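Positions are given from 1 along the sequence. As the structure is a computational prediction, the values presented were derived from the model and not from experiment.
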Amino acid sequence: MRGIESNETDFLPPDVAFRVAARVDGNELKVRWRHCDGYYLYRQKFDVKAESPDLLLSAAQFPAGVVKTDPYLGDPGNL
C-alpha cells in the first residue's frame, strides 16, 4: 500500500490478498485465511451462512486475534 495517495488499482484482488482453505475435521468445518503483508481481516465484518437450507450451522468460533489500529480507518472497534 502506498499511503494516502493510494487508489483502488493499488490493491491486490481479494482472492490474491486473502487465500482461503477449508477442511472437515470430524463434525467441524475449519476454514483458514492467509493474508498478504499489509492486508487484514476484520472480525466484525465476517458473516457465515449456509448455502443449503438443510445445513445447520452453530456460531462461528474465531481464535484470538491481534488488535491493530488502521492508519486510514482508525480504531478497530469502529469498523
Side-chain angles (χ1 to χ4, degrees):
M1 298 198 317
R2 299 183 185 143
I4 198 76
E5 296 84 24
S6 293
N7 64 46
E8 221 173 281
T9 62
D10 291 333
F11 298 101
L12 295 172
D15 60 335
V16 174
F18 305 100
R19 301 283 179 160
V20 65
R23 67 181 173 90
V24 175
D25 184 8
N27 65 348
E28 294 182 346
L29 174 64
K30 296 188 176 190
V31 182
R32 181 175 182 162
W33 280 268
R34 292 180 184 259
H35 58 86
C36 292
D37 289 341
Y39 289 80
Y40 304 97
L41 295 169
Y42 298 93
R43 183 182 309 245
Q44 301 91 330
K45 299 295 185 182
F46 275 86
D47 188 22
V48 180
K49 295 180 182 178
E51 290 184 355
S52 168
D54 298 334
L55 184 62
L56 299 176
L57 298 177
S58 59
Q61 297 178 10
F62 298 98
V66 176
V67 176
K68 297 214 176 238
T69 299
D70 187 292
Y72 304 101
L73 300 176
D75 177 36
N78 296 326
L79 301 176

Considering only distance and modelled atom types, tabulate donor-acceptor pairs under 3.5 Å from the side chains of residues 15-24, sequence neighbours left out.
none

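- Put simply, the side chain of Tyr40 never gets that close to the backbone of Lys68: no donor and acceptor are under 3.5 Å apart.
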Show me the side-chain donor-acceptor pairs of residues 47-57 shorter than 3.5 Å, one per line, residues at least two apart or across chains.
from	atom 1	to	atom 2	distance (Å)
Asp47	OD2	Lys49	NZ	3.4
Ser52	OG	Asp54	N	3.2

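- In this structure Asp37 satisfies the side-chain hydrogen bond (donor to acceptor under 3.5 Å, both in side chains) test with no other residue, sequence neighbours excluded.
- Residues satisfying the salt bridge (charged side-chain N to carboxylate O under 4.0 Å, His left out) criterion with Glu28, sequence neighbours excluded, are Lys30.
- Phe46 pairs by the ring-ring contact (aromatic ring centres under 6.0 Å, His included) definition with Trp33, Phe62, not counting sequence neighbours.
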